[in-house]
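Remarks on the structure that follows.
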Amino acid sequence: MGLFGFGKKKQAEPNKKVGEGAGEAFLDSDDNITDHIGGTDNLTESGSDDSIQGMGAVNEADIFWGRGDFAFEIQKVLAYKERGSVLIGRALSGKLLPDEKVAYMDRDGHVVFNCAVGGIEQGGFKVKRASVCQFGLLGPTFTLIIPDFAPNAFKEGNFLHQKLAEGEELSGVLKAFEDCRLSLSREEEIRCSVGGGIGGGQQEASEPSQEEILQSCKDYSVQEMIFALTYLRDMGNRAKAVGGEEAKEAWKKKADAVYRAMLEKLRGLETVYLTIDKNTNFPFYNGGFVDVYTREEYAKLAVLFYAEQFRELEVVALPVANPQLLKPEERKLPAFVLLYYLGMERVLVDNGLYRAALSRGDVLPPPDFSDKPNTVVPVTNPALRTRIIDFFGEARWKVNYEKRGEVLQGKERAMLTEVARAKFLIPMKYEGAAKPDPNTKQIVFNKDTKLMFAAVKNTAGESYTPVFTDFVEIGKMYQPKDWGAAVVSISDVIGINKGDGIVVNPMGENLILKEKAIGAVKEIVEALKENARKAKEQEEKGDENTVKGKE
């Protein structure tokens, strides 16, 4: 479509997919996604439950690298072409660039041999570096390609190590990460507390109960509880390899208890921190997730990290989940209320450190209108708002990459499809008689009643019909004592419009629909109607066949 003037931006190197199947082995799944300790991130919400062994209990004395050194734990070894290896695992410290040499070490810290890393991938795509400070669902889990050593040269659980060059300083991002992360000694304390000091995967009588675990972690921070949670899940996956599903289930129950405690701890915070995309003035929405941070320094680390990708972010502090609407300005809403209106349902807590993925509704359940008639249910359009923010965030990102035009067109189409489906609030006044319908409680106007709709102008003098996705947005411009509001479809708005176009949420997303965009929306509306008609015909035919079958 290309209806909103997006075009070429500053060039950035595109991701290139390399290798066949590299990286696919570290996909794991649990009901809730968390960053594994020395293991892999849980990436899917359903599917298989296979995992790769993690580190288990590690003493600080067992770590043979200093701050800034690159350290990588090998968790899976695969063959690469005729004589090479693919090493899948987790960066534990520092960073590594492709084509650099590393030392292969056993768990006692002895160097076995030196080798060169020919390429680095994450999720099957080539990346510029492997770093312990890595945001997103995959976190610091990487695939390293070693072209000159066969798989039998490596052992799972051993390490790759590269010492920081003398005189070389940490980057600003890595330094900020090191200042934020839990210390190795604190991680070990938590492991011993919730796991009984057990480094293996077998169940033993000395392991703490659910109640003991909850008691031991009641004073933990959210970040420490996420660490405990992911450690328990990793141990459960390792227990499965030894004792099967029954052995895993015991660990899972403990992890589930910690997850519930973590949610309660999160709800009890006075403030959380969101990263705001300066290009949209809304929470940074990336890959279907929005980031929520429990400490300001964690959010500031994200700003530094994403600046390297030409993202312009800022940190905003918000109250957590008070359901009372505060000031009408959008960013003054409590964090999880704001995310409800914006339709941002998938949340990553403390992205970039030990992270947990959860549903927004786990923290603040949505209002329950199941026993209310449709006429009294407040108008909201979370899916539309998410699509608008996602589109503008991509369109205004100052980069260029392969197939960017296709990505933008897809997001534009998805946004306009939601416009076609939406129910909007339009400000209106009337002169003449009107009375409420006794059944629906809606206002019914006499045929002679004169209806008047609001209009807004921009600095160029163009006139637009304003419509709004919810009562929070309409309240930014129009007060109930001055204006009423009608619930309308986009087709209704197109019929009402007398100006140069339509604007959705002028004090928020400010989505402007002019002639071409309105034409595209009309086509989508007709297509949706046709699809609905065909679906109804198909349903009626199915009912007829069912009746005939009974006869």
Gap separating the [atom1] atom of [X] from the [atom2] atom of [Y], nearest 0.5 angstrom:
{"X": "Asp350", "Y": "Tyr273", "atom1": "CG", "atom2": "OH", "value": "11.5 Å"}
{"X": "Lys457", "Y": "Glu462", "atom1": "NZ", "atom2": "CD", "value": "11.0 Å"}
{"X": "Asn286", "Y": "Asp277", "atom1": "CG", "atom2": "CG", "value": "9.5 Å"}

Has Glu530 got more than 12 heavy atoms of other residues, nucleotides or ligands less than 6.0 Å from its CD?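 Enclosed.
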More than 12 heavy atoms of other residues, nucleotides or ligands under 6.0 Å from CD of Glu270: yes or no?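 No.
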Could you check whether any side-chain N or O of [X] sits under 3.5 Å from a backbone N or O of [Y], counting only pairs where one atom can act as donor and the other as acceptor?
{"X": "Asn497", "Y": "Ile494", "value": "no"}
{"X": "Asn381", "Y": "Lys423", "value": "yes"}
{"X": "Ser131", "Y": "Cys133", "value": "yes"}
{"X": "Arg360", "Y": "Gly343", "value": "no"}
{"X": "Arg396", "Y": "Lys278", "value": "no"}

Do you know the tightest heavy-atom contact between Arg355 and Gly136?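 In terms of heavy atoms, the two residues are closest at NE-O, 3.3 Å.
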Give the minimum heavy-atom separation between Leu182 and Tyr354, together with the two atoms involved.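 Distance-wise, the nearest heavy atoms are CD1-CD1, 4.4 Å.
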Are the side chains of [Y] and [X] in contact, using a 4.5 Å heavy-atom criterion?
{"X": "Asp500", "Y": "Lys514", "answer": "no"}
{"X": "Thr380", "Y": "Arg385", "answer": "no"}
{"X": "Met262", "Y": "Val349", "answer": "no"}
{"X": "Lys265", "Y": "Thr294", "answer": "no"}

Row check, Trp397 ring normal vs Arg311 NZ/CZ: under 6.0 Å, within 45°: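 Pair Arg311/Trp397 counts as cation-pi.
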Which pairs, with at least one residue in residues 483-523 and sequence neighbours excluded, count as a ring-ring contact (aromatic ring centres under 6.0 Å, His included)?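 For residues 483-523, and leaving out neighbouring residues, the ring-ring contact (aromatic ring centres under 6.0 Å, His included) pairs sorted by first residue read Tyr478-Trp483.
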So, Tyr306 versus Phe135, ring centres under 6.0 angstrom or not?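 Yes; Phe135 has its ring centre under 6.0 Å from that of Tyr306.
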